[in-house]
Amino acid sequence: MIVTIDGPAGVGKSSAARALAVRLGVEFLDTGAMYRAVALAVLRAGVSTTDEPHVAELLEGLRLEMAPGGRVLLNGEEVNGQIRTPEVTAASSVVAEFGPVRAFLAARQRKIAEGRHMVCEGRDQGTVVFPNAACKFFLTAAPEERARRRQVELAARGVCVDLATLLAQQAERDERDANRAIAPLRPAEDSVRIDSTRLTKEQVVEQMEDEVRRRAKASGR
Ligand code: DC
């Protein structure tokens, strides 16, 4: 059984997906981390993020593993810290526009999920990668609220950024994610839409779990 959670940057998809996966007793896949790992590899190789042919070439020698416990391994090295820097964050939404990158990662995501029960989180999980998912969610929240949550998250890591800067960076990423030619961010037609602006993380996860269990029961799983 595959459950997908898609939505814009900073909406809390990862923490909701992780918590939902724990409640359901299944694995969780953070596909944004995969785009981030590709971006890190591109930056490390000194390749321009806008140079599609070279980025595509680099994919051929790339060893990307999503290990248990959410560990991201790039050529054998754990890079969970390095993929969260502002530089990699910005580069990830640029390389995510390229067809070869999307095809490479979508194939990898399907392979990882093959024959397993998983909660998969990203931008295109319900629309492109797993169109037959048992349950699809599209999570939204007001831009100001998303930026505020991001500010709190960064502050917890000792990084202070003003809200206006975060809002501007977020708007730029939203714009690129929603308007790219391939697999743009949009809700799958059969997705359950949840606006989390005035909900706690627990309330969001609760709604999701209820929906998944209701469907599983209805389909006799
Ligand atoms: O969810 P995130 O912020 O970690 O994702 C980083 C970038 O990767 C984001 O700007 C868009 C891209 N992405 C994507 O295009 N498709 C996905 N399924 C996941 C992420």
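Read the numbers this way: they start at 1 and go in the same order the structure lists the ligands and their atoms. Keep in mind that the numbers below use all heavy atoms, side chains included, and drop hydrogens, waters and symmetry copies. All residue numbers in this chain count up from 1 along the given sequence.
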For [X], counting its heavy atoms only, list the atoms of ligand 1 lying under 4.0 Å from any of them.
{"X": "A96", "answer": "12 (C), 15 (O)"}
{"X": "T31", "answer": "17 (C), 18 (N), 19 (C)"}
{"X": "G122", "answer": "18 (N), 19 (C)"}

Does either side chain, that of Y35 or that of R123, offer a donor lying less than 3.5 Å from an acceptor on the other one?
no

Side-chain H-bond candidate by donor/acceptor type, R186 with T127, under 3.5 Å:
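Short answer, no.
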
Is the shortest distance from a Lys or Arg side-chain nitrogen in R23 or E209 to a carboxylate oxygen in the other one below 4.0 Å?
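Here R23 pairs with E209 in a salt bridge, since their nearest N and O are under 4.0 Å apart.
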
I'd like to know if R180 and D177 make a salt bridge, using a cut-off of under 4.0 Å between side-chain N and carboxylate O.
yes

Starting from [atom], what is the nearest protein heavy atom, named by residue and atom, and what distance separates them?
{"atom": "atom 8 (O) of ligand 1", "result": "Y35 CB, 3.3 Å"}
{"atom": "atom 16 (N) of ligand 1", "result": "R102 NH2, 3.0 Å"}
{"atom": "atom 4 (O) of ligand 1", "result": "R36 NE, 2.7 Å"}
{"atom": "atom 11 (C) of ligand 1", "result": "D177 OD1, 3.4 Å"}

Closest to [atom] among [options] (heavy-atom distance):
{"atom": "atom 18 (N) of ligand 1", "options": "V129, V88, D124, I182", "value": "D124"}
{"atom": "atom 17 (C) of ligand 1", "options": "Q170, R123, Q125, K13", "value": "R123"}
{"atom": "atom 7 (C) of ligand 1", "options": "A183, G7, S92", "value": "S92"}

Just to be sure I read this right, does ligand 1 sit under 4.0 Å from the backbone of [X], its side chain, both, or neither, counting only heavy atoms?
{"X": "A9", "answer": "neither"}
{"X": "D30", "answer": "neither"}
{"X": "R176", "answer": "neither"}

Would you say the side chain of [Y] lies within less than 4.5 Å of the side chain of [X], judging by non-hydrogen atoms?
{"X": "L185", "Y": "P8", "result": "yes"}
{"X": "V119", "Y": "R18", "result": "no"}
{"X": "R150", "Y": "L154", "result": "yes"}

I'd like to know if the side chain of E121 reaches the main chain of F28, judged simply by a donor and an acceptor atom lying under 3.5 Å from each other, with no hydrogens or angles considered.
no

Ignoring hydrogens and angles, tell me if any N or O in the side chain of S191 forms a donor-acceptor pair with the backbone of R193 under 3.5 Å.
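Not confirmed, S191 side chain does not pair with R193 backbone.
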
Contact check, Q109 vs ligand 1, heavy-atom distance below 4.0 Å
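No heavy atom of Q109 comes that close to ligand 1.
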
Could you check whether any heavy atom of R180 sits closer than 4.0 Å to an atom of ligand 1, since that is the contact criterion I want to use?
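Per 4.0 Å heavy-atom rule, R180 contacts ligand 1.
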
Got a sec, which residues hit side-chain contact (heavy atoms from CB on, under 4.5 Å) with S196, two or more places apart in sequence or on another chain?
V11, L139, A141, R149, V204

